[in-house]
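First comes the structure, then the notes that go with it.
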Amino acid sequence: MKTFVIGISGVTNGGKTTLAKNLQKHLPNCSVISQDDFFKMALLIGAAPILSPPPPEHLPQSEIETDTNGFLQYDVLEALNMEKMMSAISCWMESPRHSPVSTDSGSTEEIPILIIEGFLLFNYKPLDALWDRSYFLTIPYEECKRRRSTRVYEPPDVPGYFDGHVWPMYLKHRQEIENITWEIIYLDGTKSEEDLFSQVYEELKRELAKQKCLQVTT
């Protein structure tokens, strides 16, 4: 069965999830998989009061590494269970209308669409062959830091975490994708939610219309 897979990646707090959800509301037979759902767990000692804490040798092993500054290394591929994510994607590809992330909207004549959104999509080689469209949201440093400060994370950001880990990792991963051979469409994340949606939605409608024509003629 012909499918259409869209990747929406980019900087933290750039609007990836919002854009993906808005597109899902308007595109028929559209499902969404979020990379954030596949984070491994960190061991948070002292996060909550424990009357009788277990001895250290009985504590579970944290799946998230820390650097020399004590920052949890969340903004790296190793912090994600990418094998589990690939399994979810494969499940959708095998049966796009009946996988756990599928929606019921749209007719059977519509091409099934999968949106995968996350901050580290185009740096993971096993995903390279999937993309029919690739989008990357960017926002300037100051705006990103401002937005990040308004969000509540679990575990919460510690002082210096944005400058000491989050932003440097974003710059590193952004540089890694500069030599990618397929087309990535860069989006200005400072635009309004409505403008971003309209830009991407109109472009996708044109491309999906082409795909349907090709499907009819082949």
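Here the structure is a predicted model, which means the values were calculated and not measured.
Trp167 and Phe119 end up in the same hydrophobic cluster when Ile, Leu, Val, Met, Phe, Trp and Tyr side chains are linked at under 4.5 Å. Two different hydrophobic clusters hold Leu121 and Met169 under the rule that ILVMFWY side chains link at heavy-atom gaps under 4.5 Å. Leu77 and Leu72 fall within the same hydrophobic cluster, defined by Ile, Leu, Val, Met, Phe, Trp and Tyr side-chain heavy atoms under 4.5 Å apart, directly or through other members. Put simply, Val76 and Met82 are part of two different groups of oily side chains (I, L, V, M, F, W, Y) that touch within less than 4.5 Å, one to the next.
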Applying side-chain contact (heavy atoms from CB on, under 4.5 Å), run through Glu117 and Lys21 and close with a yes or a no.
CA-CA 10 Å; Glu117 64 93 5; Lys21 288 181 177 178; over 6 Å; no

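The salt bridge (charged side-chain N to carboxylate O under 4.0 Å, His left out) check on Glu203 picks up Arg133, with sequence neighbours excluded. By the side chain to side chain contact (heavy atoms under 4.5 Å, CB included) test, Pro168 is found to be paired with no residue, residues two or more places apart in sequence or in another chain being considered. Listed by chain and residue number, nothing satisfies the side-chain hydrogen bond (donor to acceptor under 3.5 Å, both in side chains) test with Lys84 (two or more places apart in sequence, or in another chain). Thr18 pairs by the side-chain hydrogen bond (donor to acceptor under 3.5 Å, both in side chains) definition with nothing, not counting sequence neighbours. Among residues two or more places apart in sequence or in another chain, the salt bridge (charged side-chain N to carboxylate O under 4.0 Å, His left out) test is passed with Glu202 by Lys205. With sequence neighbours left out, Asp157 forms a side chain to side chain contact (heavy atoms under 4.5 Å, CB included) with Arg148, Tyr153, Tyr161. Not counting sequence neighbours, the partners of Glu143 by the side-chain hydrogen bond (donor to acceptor under 3.5 Å, both in side chains) test are Arg146, Arg147. Partners of Tyr186 under the side-chain hydrogen bond (donor to acceptor under 3.5 Å, both in side chains) rule, at least two apart in sequence or in another chain, do not exist in this structure. A search for side chain to side chain contact (heavy atoms under 4.5 Å, CB included) contacts involving Asp67 returns Asn69, Phe71, Gln73, not counting sequence neighbours. Residues satisfying the salt bridge (charged side-chain N to carboxylate O under 4.0 Å, His left out) criterion with Glu176, sequence neighbours excluded, are Lys172. With sequence neighbours left out, Ser134 forms a side chain to side chain contact (heavy atoms under 4.5 Å, CB included) with Phe122, Trp131, Trp182, Ile184. Scanning for salt bridge (charged side-chain N to carboxylate O under 4.0 Å, His left out) contacts around Asp195 gives an empty result, with sequence neighbours left out.
The main-chain N or O of Pro112 is never found under 3.5 Å from a side-chain atom of Thr3 such that the two would form a donor-acceptor pair. A donor-acceptor pair under 3.5 Å is formed between the side chain of Asn123 and the backbone N or O of His173. Between the side chain of Lys40 and the backbone N or O of Glu78 there is at least one donor-acceptor pair closer than 3.5 Å. Within the 3.5 Å criterion, the main-chain N or O of Met86 finds a donor-acceptor partner in the side chain of Ser90.
Aromatic pair Phe162/Tyr170: centroids not less than 6.0 angstrom apart. The aromatic ring centres of His165 and Tyr74 sit 6.0 Å or more apart.
Taking NZ of Lys191 as the start and OG of Ser198 as the end, the distance is 9.0 Å to the nearest 0.5 Å. For the atom pair CD (Glu110) and CG (Leu208), the distance works out to 8.5 Å, reported to the nearest 0.5 Å. Distance check: Thr12 OG1 to Arg151 CZ gives 6.5 Å after rounding to the nearest 0.5 Å. With values rounded to the nearest 0.5 angstrom, Trp92 atom CH2 is found 8.5 Å from Ile116 atom CD1. Between atom CD1 of residue Ile33 and atom CG of residue Leu114 there is a gap of 4.5 Å, rounded to the nearest 0.5 Å.
In summary, of the residues considered (Val32, Leu137, Thr17), a side chain to side chain contact (heavy atoms under 4.5 Å, CB included) with Ile8 occurs for Leu137 alone.
Side-chain polar atoms of Lys16 and Gln35 form no donor-acceptor pair below 3.5 angstrom. For the residue pair Ser34/Asp36, the side-chain donor-acceptor check at 3.5 Å is not satisfied.
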